[in-house]
Amino acid sequence: MSDDTRMTGDSRPVRVRFAPSPTGYLHVGGARTALFNWLFARHYGGVFVLRIEDTDRLRSTEESTGGILSSMRWLGLDWDEGPEVGGEYEPYFQMQRLPFYRAAVEQILDQGKAYYCYCTQQELVARRKAALTEGRAPGYDRRCRYLSRREAAAFEAENRKAAVRFAMPLEGETIVDDLIRGRVRFANEQLDDLVIMKADGIPTYNFAVVVDDILMKISHVIRADEHLANTPRQIRIYEALGSPVPRFAHVSMILGEDRTKLSKRHGAASLSDYRDSGYLPEAMFNFLALLGWAYDDKTEIMTRNQIIERFILEKVSPAPAVFSKDKLDWMNGVYVRTLRPEELGTRLLPFLEKAGLRTDKETVLRLVPLIQERIKRLSDAVDLVDFFFQDEMSYDPRLLIGKNMEAADSLDALKRVHEVLDRVPTFDEETLERTLRDLAKQLELKAGQLFGIIRVAVTGKMVAPPLFGTLSILGKERALSRIWKAEKALADLVDPEKM
RNA sequence: GCCCCCAUCGUCUAGUGGACUAGGACACCACCCUUUCAAGGUGGCGACGCGGAUUCGAAUUCCGCUGGGGGCACCA
């Protein structure tokens, strides 16, 4: 047994897949499942397949497919086989693989391990409801499994469309040896005869997934916990098809802060929402990897390669994890701070433009040093720098009054600031700081008192980026004009009559 | 109703019978630094769900309970 075999529990070449259904955006939970598959493949030098399970004709859309692919790419999860890249086992859209499913159904039908079911959906729904109210199991009652030839012919004569059901074993048990959960046993009497092909000739999920995983030679099925209960049925289908059963690993689900399954109700649940609100893909990647997996007792921040190198299924937790936005925010901030300034500027630009700020790369680059360690998300930058781009600011003039000062004193101080700045030889940070600190001393004010007044005057805010950098970037002309306006506002406050 | 999964600080987790007065991170609180806000530093608060059993010894093994989640579709 090779090392890899011991670790992956299987001697076949590693081939895993992520198989989303294109009925919406890529959900955070789905992204984590995709990530774990991808990491597993990359760690063992295997193949990562992307397959689109679009057999739900009502809900599947092309837009969803496009959105999922772009979210995957944004996260950096490249697929070796799948849409747009092709591969040995194409096509990778299930609706283009119908002949494969039909052949497989025939094969099972021929063996007598499946049968036609003529029950209509209305009948099924009614019976299920009745069973539930009477406290019986809601599963299919198997009546068509025992149809006589004559009865079947009668239904055919009625022109009823038949679905195909799989004949599950009635007794014994089916064992799932899960790589994360260990051995899980299911009594076969619990498994009902599921539909494997709908009356319209389209396979159901539980069947298509097995057929494709066989055909695509998937060695490990890493998927969400919610599929564990489906697994024994799928194992029976593998066996009926005479194929080796892959190894299974059921990853726990991701919960919202209220400990229910994460969904739109919890705010952003789609990966694209996170992208749009300014999270970095590298932070998201790191964060998602840590949801249910940990390297050791202290490491939080890891590069993509470190994670690939360290990721093993044995360290994946079986317990569900709550998605903590607080921690994501923190981690995103860490990644924002490690970005090279030019890089951060590049990423910031679209967010500022989207907010309606008329800016350009060069300006943003000058702003970056002032805000890099002050933002967690890229979109946070907007509130921090918008005043640079606005000609008219509106703020409460009372904010111009310095701490523990009167309006009149503040006005006097601001006038002195105006004079001093007007005479200052250069408008660089160092000069500004020296000059203004000296002034504060002269006025017998604390630095914070004076700087606070100036801050409000030039930014309109109590909280803003560092003052001297701000003044310098703003430039003498704009800074003085803002100070002048502030003086007027303060003067009104001191003596409203004198307008 | 039946079946299955899960269970360590508020949250993410480390922990695979003794090294645990249970470690780290986020969040929170305090202090330091400081022109505001951040960032950074230091410190603090804070958990093995409950009950049995096994064992010299249990967060770690077993059983039950409780709680949470998932499944039982001609959805995936």
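Order of the sequence lines sets the chain letters (A, B, ...), proteins ahead of strands, with each chain counted from 1. Only this structure's heavy atoms are used, side chains among them; waters, hydrogens and symmetry mates stay out.
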side-chain N/O [X] vs [N] OP1/OP2, d < 4.0 Å:
{"X": "A/Lys198", "N": "B/C75", "result": "yes"}
{"X": "A/Lys261", "N": "B/C5", "result": "no"}
{"X": "A/Arg185", "N": "B/C4", "result": "no"}

**Donor-acceptor side-chain pairing of A/Tyr118 and A/Glu158 below 3.5 angstrom** =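 No pair is found: no donor N or O on one side chain lies under 3.5 Å from an acceptor on the other.
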**Asked** Do A/Asp225 and A/Ser252 meet the criterion of a side-chain donor-acceptor pair at a distance under 3.5 Å?
**Response**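 A/Asp225 vs A/Ser252: no donor-acceptor pair found between side chains.
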Compare the minimum distances between each of [options] and the side chain of [X], then state the nucleotide with the smallest one.
{"X": "A/Arg337", "options": "B/A39, B/A73, B/G24", "value": "B/A39"}
{"X": "A/Val184", "options": "B/C4, B/A25, B/A76", "value": "B/C4"}
{"X": "A/Phe186", "options": "B/C4, B/U36, B/C74", "value": "B/C4"}
{"X": "A/Ser21", "options": "B/A76, B/C72, B/G70", "value": "B/A76"}
{"X": "A/Arg437", "options": "B/G24, B/G40, B/U35", "value": "B/U35"}
{"X": "A/Glu373", "options": "B/C75, B/A39, B/U35", "value": "B/A39"}
{"X": "A/Lys315", "options": "B/A73, B/C74, B/G15", "value": "B/G15"}
{"X": "A/Arg374", "options": "B/G1, B/C37, B/G15", "value": "B/C37"}

For [X], which contact category applies under a 4.0 Å heavy-atom criterion: base, sugar-phosphate, or nothing?
{"X": "A/Pro466", "result": "base"}
{"X": "A/His227", "result": "base"}
{"X": "A/Gly452", "result": "nothing"}
{"X": "A/Thr260", "result": "sugar-phosphate"}
{"X": "A/Arg165", "result": "sugar-phosphate"}
{"X": "A/Lys376", "result": "sugar-phosphate"}
{"X": "A/Lys461", "result": "nothing"}
{"X": "A/Asn206", "result": "base"}
{"X": "A/Leu124", "result": "base"}
{"X": "A/Met253", "result": "sugar-phosphate"}
{"X": "A/Pro465", "result": "base"}

**Comparing A/Glu433 and A/Ala294 on RNA chain B - which has the more 5′ nearest nucleotide** =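 This one resolves to A/Ala294.
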**Message:** Judged by each residue's nearest nucleotide on RNA chain B, which is more toward the 5′ side, A/Ala137 or A/Thr23?
**Reply:**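 Per heavy-atom nearest nucleotide, the more 5' residue is A/Ala137.
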**Prompt:** Mind checking whether A/Phe323 and A/Tyr274 have parallel, tilted or perpendicular rings, split at 30° and 60°?
**Reply:**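 Because their plane-to-plane angle lies in the 30° to 60° range, the rings of A/Phe323 and A/Tyr274 count as tilted.
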**Asked** Parallel under 30°, tilted from 30 to 60°, perpendicular over 60°: which one fits the rings of A/Phe248 and A/His250?
**Response**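 The arrangement is parallel - the two ring planes meet at less than 30°.
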**Asked** Can you check whether A/Leu421 reaches A/Leu436 side chain to side chain, under 4.5 Å on heavy atoms?
**Response**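 Answer yes - side chains close enough.
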Can you tell me, in whole Å, how much space there is between the [atom1] of [N] and that of [M]?
{"N": "B/C5", "M": "B/G18", "atom1": "P", "result": "27 Å"}
{"N": "B/G44", "M": "B/G52", "atom1": "P", "result": "34 Å"}
{"N": "B/U21", "M": "B/A39", "atom1": "C1'", "result": "34 Å"}

**Request:** Quick one: list whatever passes side chain to side chain contact (heavy atoms under 4.5 Å, CB included) with A/Asn230, sequence neighbours left out.
**Result:**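 Side chain to side chain contact (heavy atoms under 4.5 Å, CB included) check on A/Asn230 returns A/Tyr205, A/Asn206, A/His227, A/Arg233, A/Gln234.
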**Message:** Strictly below 4.0 Å, N to O, side chains only: are A/Glu430 and A/Arg434 in salt-bridge contact?
**Reply:**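 A/Arg434 and A/Glu430: not salt-bridged.
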**Asked** Do A/Arg223 and A/Thr33 pass the side chain to side chain donor-acceptor pair (under 3.5 Å) test, and can you show the C-alpha distance, the side-chain angles, and the key distance before you say yes or no?
**Response** CA-CA 6 Å; A/Arg223 67 193 357 171; A/Thr33 302; over 6 Å; no
**Message:** What does the B/S/- profile of nucleotides 6-12 of chain B look like, 5' to 3', with a 4.0 Å heavy-atom cutoff to protein?
**Reply:** SS---SB
**Asked** So, does A/Asp193 use its side chain to make a donor-acceptor pair with the main chain of A/Ala167 at under 3.5 Å?
**Response**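 Between the backbone of A/Ala167 and the side chain of A/Asp193 there is no qualifying donor-acceptor contact (under 3.5 Å).
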**Item:** For B/G1, the Watson-Crick or wobble partner whose two distances fall under 3.5 Å
**Value:**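 Here B/G1 is engaged in a pair, and the nucleotide opposite it is B/C72.
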